Engineer: 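If you scroll down you'll find the structure; I have some questions about it.
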Amino acid sequence: MAYDRNNVFARILRGEIPCSKIYEDAHVLAFRDISPQSPTHVLVIPKGEYVSFDDFAQTASAEEIAALVRAIGDIARAEGVVDSGYRILANTGPAAHQEVPHFHVHLFGGRDLGAMLPRR
Ligand code: AMP
């Protein structure tokens, strides 16, 4: 799947639409989800053009991958959710209902997050 440079996170990265930024470094941007599902709901994204986790895992550099993982840990600590617990999640493709085609990791915390997946 080709990268769509008009997706909403690409536009946030270019500064064309605002976001509630909480973290930035050379490889990573993190901001609050516009429709939070828990008291802490942060989106952590690479600055590079990766469609999905699959794309990122296959083609990102070791430096970009390390930066994203370190950032997630740092943000969880800064948000104060390490002791209470938190969840990270990356929806990938249709079965997971990935809506935005720029790889992103959700970080949820600040309440009991319930079962890992909804029961069907
Ligand atoms: P996903 O289903 O994993 O692709 O999730 C996309 C997430 O992006 C959803 O939780 C949306 O609420 C969030 N989102 C969409 N547009 C924005 C935006 N402009 N700023 C912050 N979060 C957004």
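Each ligand, and each atom within it, is numbered from 1 in the order the structure gives. Quick caveat: nothing in here was measured; it's all calculated off a predicted structure.
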Engineer: Do the non-hydrogen side-chain atoms of Leu68 and Phe103 ever get within less than 4.5 Å of each other?
Structural biologist: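 Yes; the side chains approach each other to less than 4.5 Å.
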
Engineer: Does some side-chain heavy atom of Tyr50 sit less than 4.5 Å from a side-chain heavy atom of Glu64?
Structural biologist: yes

Engineer: Taking only heavy atoms of Val100 into account, list the atoms of ligand 1 that are under 4.0 Å away from them.
Structural biologist: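 Checking each atom against Val100, I get 4 (O), 6 (C).
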
Engineer: How about His102 and His104: are their ring centres within less than 6.0 Å of each other?
Structural biologist: no

Engineer: Kindly indicate whether the side chain of His106, heavy atoms from C-beta on, has any atom under 4.5 Å from the side chain of Asn91.
Structural biologist: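 Yes, at least one pair of side-chain atoms sits under 4.5 Å.
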
Engineer: Could you list which atoms of ligand 1 come closer than 4.0 Å to a heavy atom of Val8?
Structural biologist: 19 (N)

Engineer: Is there a donor-acceptor pair closer than 3.5 Å between any side-chain N or O of Glu16 and the backbone N or O of Asn6?
Structural biologist: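 No, because the side chain of Glu16 does not come within donor-acceptor range (under 3.5 Å) of the backbone of Asn6.
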
Engineer: Nearest protein heavy atom to atom 13 (C) of ligand 1, by residue and atom, and its distance?
Structural biologist: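 Of the protein heavy atoms, Asp33 OD2, 3.3 Å lies nearest.
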
Engineer: Considering only heavy atoms of Ser35, which atoms of ligand 1 have at least one such atom less than 4.0 Å away?
Structural biologist: 12 (O)

Engineer: Within ligand 1, which atoms have a heavy atom of His106 less than 4.0 Å away?
Structural biologist: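 Heavy-atom distances to His106 below 4.0 Å select 1 (P), 3 (O), 5 (O), 7 (C), 10 (O).
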
Engineer: Among protein heavy atoms, which sits nearest to atom 6 (C) of ligand 1, and what does the distance come to when rounded to 0.1 Å?
Structural biologist: His104 NE2, 3.7 Å

Engineer: Show the atoms of ligand 1 that are less than 4.0 angstrom away from any heavy atom in Arg32.
Structural biologist: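 Near Arg32, meaning under 4.0 Å from one of its heavy atoms, ligand 1 has 21 (C).
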
Engineer: Could you check atom 4 (O) of ligand 1 against the protein and tell me its nearest heavy-atom contact, residue, atom and distance included?
Structural biologist: Glu99 N, 2.7 Å

Engineer: Just wondering, do Phe31 and Ile12 contact through their side chains at under 4.5 Å, heavy atoms?
Structural biologist: yes

Engineer: If you count the atoms of ligand 1 from 1 in the order shown, which ones are under 4.0 Å from a heavy atom of Gln98?
Structural biologist: 4 (O)

Engineer: Would a distance-only check, ignoring hydrogens and angles, find a side-chain to backbone donor-acceptor pair under 3.5 Å from Arg5 to Glu49?
Structural biologist: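 No, Arg5 side chain to Glu49 backbone: no donor-acceptor pair under 3.5 Å.
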
Engineer: Quick one: look up the protein heavy atom nearest atom 8 (O) of ligand 1 and list residue, atom name and how far away it is.
Structural biologist: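 Checking every protein heavy atom, the shortest distance to atom 8 (O) of ligand 1 gives Phe9 CZ, 3.4 Å.
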
Engineer: Would you mind reporting whether Arg70 and Asp25 have side-chain heavy atoms less than 4.5 Å apart?
Structural biologist: no

Engineer: Going by the atom numbers of ligand 1, which of them fall below 4.0 Å from some non-hydrogen atom of His97?
Structural biologist: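 The atoms of ligand 1 under 4.0 Å from a heavy atom of His97 are 2 (O).
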
Engineer: How does Phe103 reach ligand 1, by side chain, by backbone, by both or by neither, if only non-hydrogen atoms under 4.0 Å count?
Structural biologist: neither

Engineer: Are side-chain heavy atoms of Val100 and Leu43 found at a separation under 4.5 Å?
Structural biologist: no

Engineer: Mark up the atoms of ligand 1 that fall under 4.0 Å of a heavy atom belonging to Leu43, in ascending order.
Structural biologist: 8 (O), 13 (C), 22 (N)

Engineer: Does any N or O atom in Ile34 lie less than 3.5 angstrom from one in ligand 1, N or O only?
Structural biologist: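 For ligand 1, there is an N or O atom that lies under 3.5 Å from one belonging to Ile34.
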
